[in-house]
Amino acid sequence: QVQLVESGGGLVQAGGSLRLSCAASIRTFSGYTMAWFRQAPGKEREFVAAIRWSGGNPYYADSVKGRFTISSDNAKNTQYLQMNSLKPEDTAVYYCAAGAGGPSLYDYAYWGQGTQVTVSS
């Protein structure tokens, strides 16, 4: 059974930083793309960032480019989302996912339970 467990969410003031973690229950997602999505109240789930588990260039949504950084630590079976210069519009539940890759949520077969990020103005 594949499980992804997010952590690191919380409440932060605008301009602050948070680091989200996503721990995978299996030793390797080699061949998968790992991604972060987010969903704000009343809105659809949207792509944030992705990176292949085996490495390679990450890609980002325009709304977070230059502020967020996605990375993976294969030895720990964990991926991270470093979020800097946070804005109130970044407030959402953040989900990690594993799958074939791309910006569509339908490209991802495995999902975590989500972690809340709230940015106060």
Side-chain angles (χ1 to χ4, degrees):
Q1 177 102 13
V2 175
Q3 283 189 316
L4 299 172
V5 180
E6 302 97 335
S7 61
L11 174 64
V12 65
Q13 287 188 331
S17 298
L18 281 174
R19 189 177 79 158
L20 305 183
S21 299
C22 175
S25 64
I26 62 173
R27 179 157 296 279
T28 180
F29 271 100
S30 178
Y32 282 82
T33 292
M34 308 300 294
W36 289 92
F37 285 76
R38 66 186 182 185
Q39 188 166 18
K43 294 187 176 181
E44 294 185 352
R45 193 170 299 190
E46 65 175 7
F47 172 79
V48 174
I51 188 170
R52 288 194 64 82
W53 187 263
S54 57
N57 293 328
Y59 48 101
Y60 301 92
D62 288 344
S63 58
V64 306
K65 203 171 292 183
R67 299 188 298 122
F68 290 12
T69 302
I70 187 172
S71 61
S72 293
D73 185 336
N74 292 1
K76 297 182 178 180
N77 295 333
T78 301
Q79 64 156 325
Y80 303 97
L81 184 68
Q82 177 67 43
M83 306 186 295
N84 298 328
S85 302
L86 282 161
K87 304 175 182 180
E89 51 263 44
D90 294 318
T91 295
V93 177
Y94 283 71
Y95 298 89
C96 70
S104 170
L105 60 90
Y106 299 106
D107 293 325
Y108 296 86
Y110 303 102
W111 292 86
Q113 83 288 351
T115 185
Q116 177 71 46
V117 171
T118 303
V119 184
S120 63
S121 57

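We're numbering straight along the sequence, starting at 1.
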Subject >> Smallest separation among heavy atoms of Leu81 and Val48, with atom names >> reply: CD2-CG1, 4.2 Å

**OP:** Go through Arg67 and Met83 one step at a time and tell me if the side chain to side chain contact (heavy atoms under 4.5 Å, CB included) criterion holds.
**Re:** CA-CA 6 Å; Arg67 299 188 298 122; Met83 306 186 295; over 6 Å; no

Tabulate below the donor-acceptor pairs under 3.5 Å that side-chain atoms of residues 15-22 make, not counting sequence neighbours, or state none.
from: Ser17; atom 1: OG; to: Asn84; atom 2: OD1; distance (Å): 2.9

Original post:
Under the ring-ring contact (aromatic ring centres under 6.0 Å, His included) test, which residues partner Tyr59, sequence neighbours left out?
Top reply: Phe47

Subject >> Sequence-distant partners of Lys65, salt bridge (Lys or Arg N to Asp or Glu O under 4.0 Å), two or more places apart >> reply: Asp62

**OP:** To the nearest 0.5 angstrom, please state how far the CG atom of Leu86 sits from the CD atom of Gln13.
**Re:** 11.5 Å

Original post:
Is any side-chain heavy atom of Met34 less than 4.5 Å from a side-chain heavy atom of Leu4?
Top reply: yes

**OP:** Give the minimum heavy-atom separation between Tyr108 and Trp111, together with the two atoms involved.
**Re:** O-NE1, 3.1 Å

Original post:
Will you find, in the side chains of Trp36 and Gln79, an N or O donor that is under 3.5 Å from an N or O acceptor?
Top reply: yes

**OP:** Grab the two heavy atoms, one from Thr69 and one from Tyr60, that are nearest each other, plus how far apart they are.
**Re:** CA-OH, 3.4 Å

Subject >> Residues forming a side chain to side chain donor-acceptor pair (under 3.5 Å) with Thr118, sequence neighbours excluded >> reply: Gln116

Subject >> Where Thr91 and Val119 come nearest, the two heavy atoms and their spacing >> reply: OG1-N, 2.9 Å

Original post:
To the nearest 0.5 Å, what is the distance between CD (Glu89) and OG (Ser121)?
Top reply: 10.0 Å

**OP:** State, to 0.1 Å, how close Ala92 and Ala40 come at their nearest heavy-atom pair, and which atoms those are.
**Re:** CB-N, 3.8 Å

Subject >> For Ala50 against Thr33, the heavy-atom pair lying closest together >> reply: CB-CG2, 3.8 Å

Subject >> Within one Ile-Leu-Val-Met-Phe-Trp-Tyr cluster: Ile51 and Phe68, side-chain cutoff 4.5 Å >> reply: yes

Original post:
For Val5, what are the other residues in its hydrophobic cluster, where any two members join if their side-chain heavy atoms are less than 4.5 angstrom apart?
Top reply: none

Donor-acceptor contacts under 3.5 Å from residues 93-102 side chains, at least two apart:
from: Tyr94; atom 1: OH; to: Arg38; atom 2: NH1; distance (Å): 2.9
from: Tyr94; atom 1: OH; to: Asp90; atom 2: O; distance (Å): 2.6

Original post:
What distance do Arg52 atom CZ and Tyr32 atom OH have between them, rounded to the nearest 0.5 Å?
Top reply: 11.0 Å

